[in-house]
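One-based numbering, in listed order, for ligands and for the atoms of each. As a basis for the values below, the full set of heavy atoms in this structure was taken, side chains included, without hydrogen atoms, waters or symmetry mates.
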Amino acid sequence: MATQINEELIRSVVAQVLAQVGRAPVVAGRRFTGRHGIFTCVDEAVAAARDAFEQLSERTIEERKGIIKIIRSIAIDNCVELGTMEMNETKIGRLPHKIEKLKTLGERSPGVEFLRSEAFSGDHGLAVVEHAPFGVIGAITPVTHSLPTLTGNAVSMIAGGNTLVVNPHPSGKKVAAEGVRRYNQEIYRQYGIDNLITIIAEPTLDSASAIFKSRGVNLICVTGGPAVARAALNSGKRAVVAGPGNPPVVVDETADLERAARCIIQGASYDNNLLCIAEKEVFVVASVFDKMMDAMERAGAVRLNAKEVDTFTRNAIVQVGEGDHRHDAPSKDFLGKDASVLAKGAGRSVSDKVELLFGETDFNNPFVGVEQMMPFVPFVRVRDIDEAIDKAKEAEHGFRHTAIIHSHNVRNLTRMGRVLDTTIYVKNGPCMAGLGLGGEGYLSFSIAGPTGEGVTTPLTFTRERRCSMIDDLYILGKRNV
Ligand code: NAD
């Protein structure tokens with residue numbers, strides 16, 4: 001025992017000294033050291049992440065905290081440069097929000113502080129339940145927030161003691177790889193472990209599938225649309241699935257309409273409607289429908305007339321897929337583009353400062369059912385709250401992702417929550433309040449609806465382990481020792 005402590009002490013002192021002089025300790029036999037997480041071969045990435053996992057397993061929780069602090073500070077300090085890189089590469093969304101998302105994920109992703117143990121004590125002794133890492137986690141990330149999702153995943157997964165193999169969306173691969181390189185480089189410099197986060201630099205569906213199938217990957221976590229959610233659920237491996245949403249908003253006659261309008265604009269226009277939790281269609285009861293439309297205009301959104309809505313729908317919704325799988329989808333010409341670009345597609349010219357377009361549609365307009373991910377929101381006039389809630393449920397497609405209501409009627413608030421049964425349910429706020437941004441709670445960009453983990457935290461990425469002491473250590477018990 002004494003020898004072990006001394007060895008640990010020596011190793012930690014040497015690491016600290018080397019860190020102070022800017023050099024990481026060289027570990028003999030580490031095949032992938034110096035790659036800083038960048039790989040083209042899935043098998044190599046998995047092997048490097050496994051190697052890193054074994055090294056991380058030897059470190060203390062304090063060291064995990066230090067490693068996560070590095071990821072946080074790089075995300076925060078480099079948010080302008082990396083956010084701009086993400087905007088230039090993906091060409092969707094809005095630059096200030098690309099920057100803000102990276103900073104927010106760096107600051108607020110749940111870390112080591114979320115870990116906890118539970119204890120059960122009684123006549124038969126003591127049982128402690130601790131949360132152990134899975135090992136290597138395969139993470140699939142979306143184009144809508146490439147480096148922010150990766151950053152949040154890295155913080156929470158490493159906090160749980162895991163390492164990652166990431167298959168980013170091909171259209172956001174460069175910024176993701178650059179972030180991974182920077183994170184690993186600094187972690188290696190300070191802590192001597194490389195490849196805690198590995199990434200496939202040229203990601204494809206085949207590399208995603210190889211990660212799903214790899215025996216070296218213990219868990220997968222996918223964040224994306226219906227296809228990847230299905231693929232993960234069918235992979236045969238334990239999966240945390242953060243799938244698609246199409247969040248409906250209900251506005252009833254008791255709502256503060258001015259506040260509802262401000263909230264809908266804030267949520268639906270953020271990063272040009274790319275958030276999976278963003279307001280995608282609005283159902284307003286007939287008695288306040290016209291007043292609500294006026295409130296939206298007063299709050300700064302631009303209303304399209306019926307002809308403009310028709311023109312825009314024809315231009316911005318396309319058909320994709322073959323045979324039975326043929327369905328409506330947002331056109332790439334408009335997905336994530338500014339409201340002023342959308343307006344042109346509607347035959348209208350609006351200022352670059354306009355954040356959101358909206359217009360009245362009927363329930364069958366494809367904008368209601370399609371997850372449009374562009375700053376145009378359809379408003380549907382409904383008879384009463386019952387019709388609003390029924391239509392909202394239908395438009396949400398049973399994803400059970402996110403729903404929003406503006407109302408001061410406690411029965412309506414309760415009923416919608418029960419009927420929609422979504423992972424996130426926001427009342428009288430913008431969607432992001434449901435992630436603790438202007439509301440209570442914590443943040444993650446991987447919200448696991450289909451598999452039930454909810455807003456992911458480090459505990460999501462851990463296995464429960466129980467350690468039982470029989471007949472001893474129950475210090476409150478009968479004095480028989
Ligand atoms: P996408 O589904 O096109 O891609 C997501 C990721 O999955 C990418 O890395 C992509 O390459 C990969 N992928 C796609 N099909 C695959 C398949 N068959 N097998 C393996 N990998 C596959 O989604 P996107 O456009 O990048 O992101 C937007 C979607 O993600 C929206 O539907 C949004 O609701 C959803 N999303 C959900 C959350 C959440 O927390 N639930 C968060 C962000 C985004």
Is the shortest side-chain N to carboxylate O distance from Glu178 to Lys174 below 4.0 Å?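 Judged by the 4.0 Å cut-off on N to carboxylate O distance, Glu178 and Lys174 do not form a salt bridge.
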
[X]: numbered ligand 1 atoms lying under 4.0 Å from its heavy atoms:
X      : answer
His401 : 39 (C), 41 (N)
Gly245 : 34 (O)
His145 : 43 (C)
Ala242 : 37 (C), 39 (C), 40 (O), 41 (N)
Pro168 : 9 (O)
Ser446 : 40 (O)
Phe445 : 40 (O), 42 (C)

If you measure from each non-hydrogen atom of [X] to ligand 1, which part falls under 4.0 Å: side chain, backbone, both or neither?
X      : value
Ile140 : side chain
Ala231 : side chain
Arg230 : neither
Pro170 : side chain
Ala208 : side chain
Val222 : neither

Check the orientation of Tyr188 and His36. Use parallel for under 30°, tilted for 30 to 60°, and perpendicular for over 60°. tilted

Please state whether the rings of Tyr442 and Phe114 are parallel, tilted or perpendicular, taking 30° and 60° as the class boundaries.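 Perpendicular.
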
Of all the non-hydrogen atoms in the protein, which one sits nearest to [atom], and at what distance?
atom                    : result
atom 27 (O) of ligand 1 : Pro142 CB, 3.3 Å
atom 1 (P) of ligand 1  : Gly225 N, 3.8 Å
atom 18 (N) of ligand 1 : Ala227 O, 4.0 Å
atom 41 (N) of ligand 1 : Gly243 O, 2.7 Å
atom 38 (C) of ligand 1 : Cys276 SG, 3.2 Å
atom 40 (O) of ligand 1 : Ile447 N, 2.6 Å
atom 21 (N) of ligand 1 : Val228 CG2, 3.4 Å
atom 26 (O) of ligand 1 : Val143 N, 2.8 Å

Who's closest to atom 32 (O) of ligand 1 heavy-atom-wise, of His169, Glu371, Lys280, Lys173?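 Checking each option, the heavy atom nearest atom 32 (O) of ligand 1 is found in Glu371.
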
Ring-face cation contact, Phe363 with Lys391, 6.0 Å cut, 45° max: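 Cation-pi check for Lys391 and Phe363: passes.
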
Does any N or O atom in Phe212 lie less than 3.5 angstrom from one in ligand 1, N or O only? no

Can you sort out the partners of Lys213 under side chain to side chain donor-acceptor pair (under 3.5 Å), two or more places apart, ordered by chain and number?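 Listed in chain order: Ser209.
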
So CD1 of Ile277 and OG1 of Thr422: to nearest 0.5 Å the spacing works out to 11.5 Å

Approximate separation, where rounding is to 0.5 Å, of Asn273 CG and Met373 CE: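 The CE atom of Met373 is 8.5 Å from CG of Asn273, to the nearest 0.5 Å.
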
Report yes or no: do [X] and [Y] form a side-chain donor-acceptor pair below 3.5 Å?
X      : Y      : result
Asn428 : Arg259 : no
Arg50  : Asn195 : no
Ser444 : Thr456 : yes

Suppose we screen for salt bridge (Lys or Arg N to Asp or Glu O under 4.0 Å). Which residues come up paired with Arg64, at least two apart in sequence or across chains? none

Counting the benzene-type ring for Trp, do Phe376 and Phe312 have ring centres under 6.0 Å apart?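 Yes: the rings meet the under 6.0 Å criterion.
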
For the side chain of Ser73 and the backbone of Ile70, is there at least one donor-acceptor N/O pair under 3.5 Å apart? yes

